Amino acid sequence: MIAVRREGDGHVAELVLDRPEAMNAISTAMAQELGDATRELAADPQVRCVVVTSSHEKAFCVGADLKERNEFSDADLIAQRPIARAAYTGVLDLPMPTIAAVEGFALGGGSEIALSCDIIVAGESATLGLPEVSVGVIPGGGGTQLLQRRIGWGKAARAIFSAQKFTAAQAAELGFVEEPVPAGQARDRALELAEQIAKNSPIGLRNAKKAMRLGADADLHAGLEIEDACWRATAFSPDRAEGVRAFAEKRAPRWPEA
């Protein structure tokens, strides 16, 4: 239900949601596979950017598998919870830059997977939203925290409390989506952007993301200290030496293998 493909020279990994018969509804088994796949990617030093895509042209992911949930006892739901959390946090905690390529429906957990990525590219026919309160739950894959950090409290409150669904254009206007594109082009655009990102310093990419993530909820002084620590970890690395040398020699960097 989850596939991992390498693009080009292998520095871009495509993480494919691949349960098309259920429009990628997240079952317990699929959540387990997603958690396993993200752990493997996180441990792979060759990967510089990850693009999350779908094998279904009309759905990125429609959220939790409610048919499975309908058969759950309370004990079943409690037992599934850590598996589900590991799936979403697995995407969120990937140390390299991540891009979601959204086509079709990205609802509930589907939007939360997208929000767990650093950048969201969405085809113009995409539909995004966190409608969980309409079925008696709340966003539980990071949505209540990630959406407000992305678009602000008031806009996130309106979106979550109203269970509203958004077109790609509406989502882009809110800041929910970074880049709307013509329908059917989200994957190609996301992979193009990933290849551009992957040309840069692997150590620099990871430490820039680390500084941004750790500093996001810190005050400015603490954030600058976090930035300084990440700068030091990069500046005294082989990547800095190669980057400066390549600039002086007017050539593309040949980043050292991790």
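Because the structure is a prediction, the values reported are computed rather than measured.
For the pair Asp76 (side chain) and Ser73 (backbone), a donor-acceptor distance under 3.5 Å is present. In terms of modelled atom types and a separation under 3.5 Å, the side chain of Glu103 and the main chain of Glu57 share no donor-acceptor contact. Of the possible polar contacts, one joining the Glu112 side chain to the Gly140 backbone as a donor-acceptor pair under 3.5 Å is found. Under the 3.5 Å distance criterion, the side-chain polar atoms of Arg5 are left unmatched by any main-chain donor or acceptor of Ala13. Checked by atom type and distance alone, the side chain of Glu179 never pairs as donor or acceptor with a backbone atom of Val121 at under 3.5 Å. Judged by distance alone, the side chain of Ser134 and the main-chain N or O of Ala163 form no donor-acceptor pair under 3.5 Å. Checked by atom type and distance alone, the side chain of Trp255 pairs as donor or acceptor with a backbone atom of Lys199 at under 3.5 Å. Arg240 places a side-chain N or O within donor-acceptor distance of the main-chain N or O of Ala235, the cut-off being under 3.5 Å. Side chain of Asn24 to backbone of Arg19: a donor-acceptor contact under 3.5 angstrom is found. Checked by atom type and distance alone, the side chain of Gln46 never pairs as donor or acceptor with a backbone atom of His11 at under 3.5 Å.
Within the structure, side chain to side chain donor-acceptor pair (under 3.5 Å) contacts touching residues 118-127 (residues at least two apart or in different chains) are Thr98-Asp118, Asp118-Lys209, Asp118-Arg213.
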Item to check | side chain to side chain contact (heavy atoms under 4.5 Å, CB included) between Val50 and Met96, intermediate numbers included | outcome: CA-CA 7 Å; Val50 172; Met96 67 290 289; 3.8 Å; yes
Next on the checklist: As a quick check of understanding, evaluate side chain to side chain contact (heavy atoms under 4.5 Å, CB included) for Ile2 and Met30, giving each step before the final call.
Outcome noted: CA-CA 7 Å; Ile2 300 292; Met30 184 176 177; 4.1 Å; yes
Checklist entry - For Arg48 and Asn200, what are the C-alpha separation, side-chain angles and deciding distance, and is it a side chain to side chain contact (heavy atoms under 4.5 Å, CB included)? => result CA-CA 8 Å; Arg48 300 179 188 173; Asn200 297 313; over 6 Å; no
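Among all heavy-atom pairs drawn from Leu107 and Leu128, the shortest one is CD2-C, 4.0 Å. Residues Leu146 and Ser116 share a closest heavy-atom pair of CD1-OG, 3.7 Å. In terms of heavy-atom proximity, Ile99 sits nearest to Cys49 at CD1-SG, 4.0 Å. When all heavy atoms of Val62 and Ala22 are compared, the pair lying nearest together is CG2-O, 3.9 Å. Contact record, Arg206 with Asp44: NH2-O, 3.1 Å, taken as the closest heavy-atom pair. Between Ala168 and Ala122, the shortest heavy-atom distance links the atoms CB-CB, 4.0 Å.
Looking at Thr53, Ile120, Val52, Val177 one by one, the single match for side chain to side chain contact (heavy atoms under 4.5 Å, CB included) with Val102 turns out to be Ile120.
To the nearest 0.5 Å, atoms OG1 (Thr234) and CG (Asp239) are separated by 8.0 Å. Here Ser237 contributes atom OG and Ile203 contributes atom CD1; the two are 4.0 Å apart, rounded to the nearest 0.5 Å. Here the CD-CG distance, from Gln196 to Leu191, works out to 13.0 Å after rounding to the nearest 0.5 Å. The CD atom of Gln32 sits 13.5 Å away from atom CD1 of Ile26, with the distance rounded to the nearest 0.5 Å. Atoms OG and CZ, on Ser111 and Phe166 in that order, are 9.5 Å from each other to the nearest 0.5 Å. Ser54 contributes atom OG, which lies 8.0 Å from atom CG of Asp18 (distance to the nearest 0.5 angstrom).
A donor-acceptor pair shorter than 3.5 Å cannot be found between the side chains of Ser27 and Asp65. There is a side-chain donor-acceptor pair under 3.5 Å between Gln80 and Arg69.
Atom CZ of Arg6 has more than 12 neighbouring heavy atoms from other residues, nucleotides or ligands inside a 6.0 Å radius. Counting heavy atoms of neighbouring residues, nucleotides and ligands inside a 6.0 Å radius, atom CZ of Phe176 exceeds 12 of them. With a 6.0 Å radius and a threshold of 12 heavy atoms from other residues, nucleotides or ligands, Arg85 has its CZ atom at or below the threshold. Counting non-hydrogen atoms of neighbouring residues, nucleotides and ligands closer than 6.0 angstrom, the CD atom of Glu173 reaches no more than 12 such neighbours. Applying the 6.0 Å contact sphere to CG of Asp9 captures more than 12 heavy atoms from other residues, nucleotides or ligands.
Under the 4.0 Å criterion applied to side-chain N and carboxylate O atoms, Glu178 and Arg150 are assigned as salt-bridge partners. A salt bridge links Arg251 and Glu242; the closest N-O separation between the charged side-chain nitrogens and carboxylate oxygens is under 4.0 Å.
The salt bridge (Lys or Arg N to Asp or Glu O under 4.0 Å) check on Glu7 picks up Arg187, with sequence neighbours excluded.
Note on Leu15 and Val12: separate hydrophobic clusters, where clusters join Ile, Leu, Val, Met, Phe, Trp and Tyr whose side-chain heavy atoms are under 4.5 Å apart, directly or indirectly. Grouping the Ile, Leu, Val, Met, Phe, Trp and Tyr side chains by contacts below 4.5 angstrom, directly or via other members, places Ile113 apart from Met23.
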